Amino acid sequence: MPYTNEFSNKISHERIIKNPNVIERLKEFKIAYEVPKLQGNDIKKMFQQIKTEKASDKIKFVFTVDSSYVELPLNNNIPSATVGIVNFSVSIVDLEKKYSLASSEFIDPQRFNDMFNSSLLTFVTPGHNVILKDNLSPIQSTRLALYEFFSQKPFNSLSLLDTLYIILKAGSKDNKISFFCPNPECHENIEWDLSNANSYTGKCPACGEDIYISDWLRLHEAIDEELGTGSILSRFSQVSEHLIVLNLLQTIQNNSFLKNLLENTAFIIDGPLALYGEPAKLHSYILQYLYQLKNEGFVYFGLIKSGRLKDHFTLLEEKLKEQGINIPYNSFILVNDEYRFKYIQRRPKRNKYFGQEVLYGQDFLFYSDKGKKYVISLPYPVPEKTDENFKEYIFKYEAYTTLPVVLDLLNKISIDIYEDAVLPIALAHKFASISLNPGVKILEIFIKNHIKQQ
């Protein structure tokens, strides 16, 4: 690592590229999995078209969430002391106002602003070498910060803890969940009775440690007492985005005045319908929960902006054009495991099906009516992932009843400001993102001025 303000040597690369040991080592490397040559016409036949025109006419509102996080130094004299900040933007777009705006020859800035509403939630957590209270350890401090954040009510109705509880209860077969005591010196197996909804806190029966229902997410396990927060900010951002989306769904569902809007609302997850790392087990509970609501009429899907599938789609379009083949407009491919493990990546040895431990949605490639490339994820049309369900339902596009609605909606909300972008996510990202300069610097100054220095 360089010293502060030390610049890298501009010619050091020459010693690397002329080093015979480096050259010989590179000759030994092989690509782990090389995609076979694309059979253009065969691939083109895989793209299917279904009737989508006017399929999404009932959708009046589109809701999504985006987040951005950063870890900042708390004190210049103690540079290893940090705090973590995660910013969430909650964006709701009124499509009727969007359509009327699009038909206007001149865009009124006020009307543009009226088209969407965006609000923010911010999570601030102790990072490395920082605690909340004198009697709390770093892990206890972070766990308390997580509990307090999840206690918030984003839409003044249900807290995120309420949402977590409802999802866990829907996916639990015996009204119980279990997790290990978060006290590093205990690890007692805690059985939490979900039939008792009076409190989301308790005590470990073995060591007396304060425990929270949010400990079930295991986010605190990403903390290292010596190295700091590690990957907790990314894991927390991911799971919170899902919970905030589901919180609004539940808020609408529980409100007699709003419930009629449910069938007019689309909920978009910014990314795949999946949860990774410590909170991954929540994905199966969300799948069960959404399946129980399958007749409520709302639309729920993930939009994947980057990653292996998106890269594959871009390369696929280029390779087919080289062969003089154009992908049909308004067509899609359901990315089943046969396609994925042939054209995208090596089959994993650990699981029988792709994403078995993290996914609750099926991936599709969609080539829009304007030739935009979208990778979308729709909830599996089953309550759980069994061999039978994979064979009978999960890999059959006909089982995804909201597919025409989602494809038609994407055609309507696409924008050209970014490649293959859609309006709600672009707006959410605009308000959630924390720019490196000057955003991070401003936050640094803010933190140092408002937190008591030790």
Side-chain angles (χ1 to χ4, degrees), residues 52 54-67 88-102 114-121 153-160 162-163 166-167 170 240-273 286-287 289-303 360-361 364 366 374 376-381 400-415 421-429 431-432:
T52 63
K54 297 184 177 182
S56 66
D57 281 1
K58 69 176 183 178
I59 303 298
K60 309 299 181 187
F61 305 95
V62 181
F63 171 84
T64 192
V65 175
D66 195 19
S67 63
F88 295 93
S89 175
V90 181
S91 179
I92 303 177
V93 174
D94 185 330
L95 291 182
E96 291 186 342
K97 290 183 179 178
K98 174 188 179 296
Y99 300 148
S100 65
L101 186 65
D114 289 343
M115 181 178 61
F116 66 91
N117 289 294
S118 186
S119 59
L120 295 175
L121 290 173
K153 299 178 179 180
F155 308 101
N156 299 320
S157 176
L158 299 170
S159 72
L160 294 173
D162 294 328
T163 293
I166 292 168
I167 293 169
S240 296
E241 287 183 12
H242 289 252
L243 288 176
I244 293 170
V245 170
L246 292 165
N247 183 273
L248 177 63
L249 192 161
Q250 294 168 353
T251 298
I252 296 174
Q253 185 185 33
N254 293 341
N255 188 303
S256 58
F257 295 101
L258 296 177
K259 191 171 183 180
N260 291 335
L261 292 177
L262 202 56
E263 63 180 17
N264 303 122
T265 306
F267 302 89
I268 305 180
I269 295 292
D270 184 11
L273 298 187
I286 295 177
L287 175 61
Y289 174 71
L290 291 175
Y291 183 78
Q292 293 176 13
L293 300 180
K294 66 183 188 306
N295 296 322
E296 294 286 335
F298 61 88
V299 173
Y300 182 102
F301 66 100
L303 189 61
Y360 66 95
F364 293 78
F366 174 50
Y374 295 111
I376 60 174
S377 182
L378 298 185
Y380 292 136
Y400 297 85
T401 56
T402 62
L403 179 61
V405 181
V406 171
L407 302 188
D408 187 47
L409 181 63
L410 287 173
N411 284 332
K412 291 178 179 178
I413 63 176
S414 66
I415 56 174
V422 296
L423 179 63
I425 290 180
L427 289 173
H429 181 73
F431 288 96

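What you see is a predicted model, and the numbers here were worked out from it, not measured in a lab.
Of all heavy-atom pairs between Leu160 and Pro154, the closest is CD2-CG, 3.8 Å. Between Leu410 and Ile376, the shortest heavy-atom distance links the atoms CD1-CG2, 3.5 Å. When all heavy atoms are compared, the tightest approach of Tyr291 to Pro381 is CE1-O, 3.5 Å. Residues Leu121 and Ile244 approach most closely at CD1-CD1, 3.8 Å, considering heavy atoms. Counting all heavy atoms, side chain and backbone alike, Thr251 lies closest to Leu158 at N-CD1, 4.2 Å.
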task = Would you check, one step at a time, whether the test side-chain contact (heavy atoms from CB on, under 4.5 Å) holds for Val62 with Val299?
result = CA-CA 9 Å; Val62 181; Val299 173; over 6 Å; no
key: Check against side-chain contact (heavy atoms from CB on, under 4.5 Å), Phe267 and Val65   = CA-CA 9 Å; Phe267 302 89; Val65 175; over 6 Å; no
task = Please assess Lys412 against Asp57 for the test side-chain contact (heavy atoms from CB on, under 4.5 Å), listing each intermediate value before the final yes or no.
result = CA-CA 10 Å; Lys412 291 178 179 178; Asp57 281 1; 2.7 Å; yes
request  = For Asn411 and Phe366, run side-chain contact (heavy atoms from CB on, under 4.5 Å): C-alpha distance rounded to whole Å, both residues' side-chain angles, the deciding distance at 0.1 Å, then the answer.
outcome  = CA-CA 10 Å; Asn411 284 332; Phe366 174 50; 3.7 Å; yes
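To the nearest 0.5 Å, atom CG of residue Asp162 and atom CG of residue Leu246 are 13.0 Å apart. The CG atom of Leu243 lies 12.5 Å from the CG atom of Leu249; values are rounded to the nearest 0.5 Å. Distance OH/Tyr380 to CG/Leu287: 8.5 Å, rounded to 0.5 Å. Atom CG in Leu378 sits 6.0 Å away from atom CG in Leu403 (nearest 0.5 Å). Rounding to the nearest 0.5 Å gives a distance of 7.5 Å between CG of Asn247 and OG of Ser159. If you take CG on Asp66 and CZ on Phe88, they are separated by 9.5 Å, rounding to the nearest 0.5 Å.
By the 30° and 60° cut-offs, the orientation of the rings of Tyr300 relative to Tyr360 is tilted.
Between Asp408 and Lys58, none of the side-chain N atoms (NZ, or NE/NH1/NH2) sits under 4.0 Å from a carboxylate O, so this pair counts as no salt bridge.
By the 4.5 Å heavy-atom criterion applied to side chains, Leu261 and Asn255 are not counted as neighbours. Residues Leu293 and Gln250 form no side-chain contact, since every pair of their non-hydrogen atoms from C-beta on lies 4.5 Å or further apart. For the pair Val406 and Phe364, the minimum side-chain heavy-atom distance is 4.5 Å or more. Side-chain contact between Pro379 and Leu273 is present, with heavy atoms from C-beta onward closer than 4.5 Å. When side chains are defined from C-beta on, Ile252 does not count as touching Phe298, because their heavy atoms never get closer than 4.5 Å.
Looking at Glu241, its side chain does come within 3.5 Å of a backbone N or O of Ser67 through a donor-acceptor pair. With hydrogens and angles disregarded, no donor-acceptor distance shorter than 3.5 Å links the side chain of Glu296 to the backbone of Leu262.
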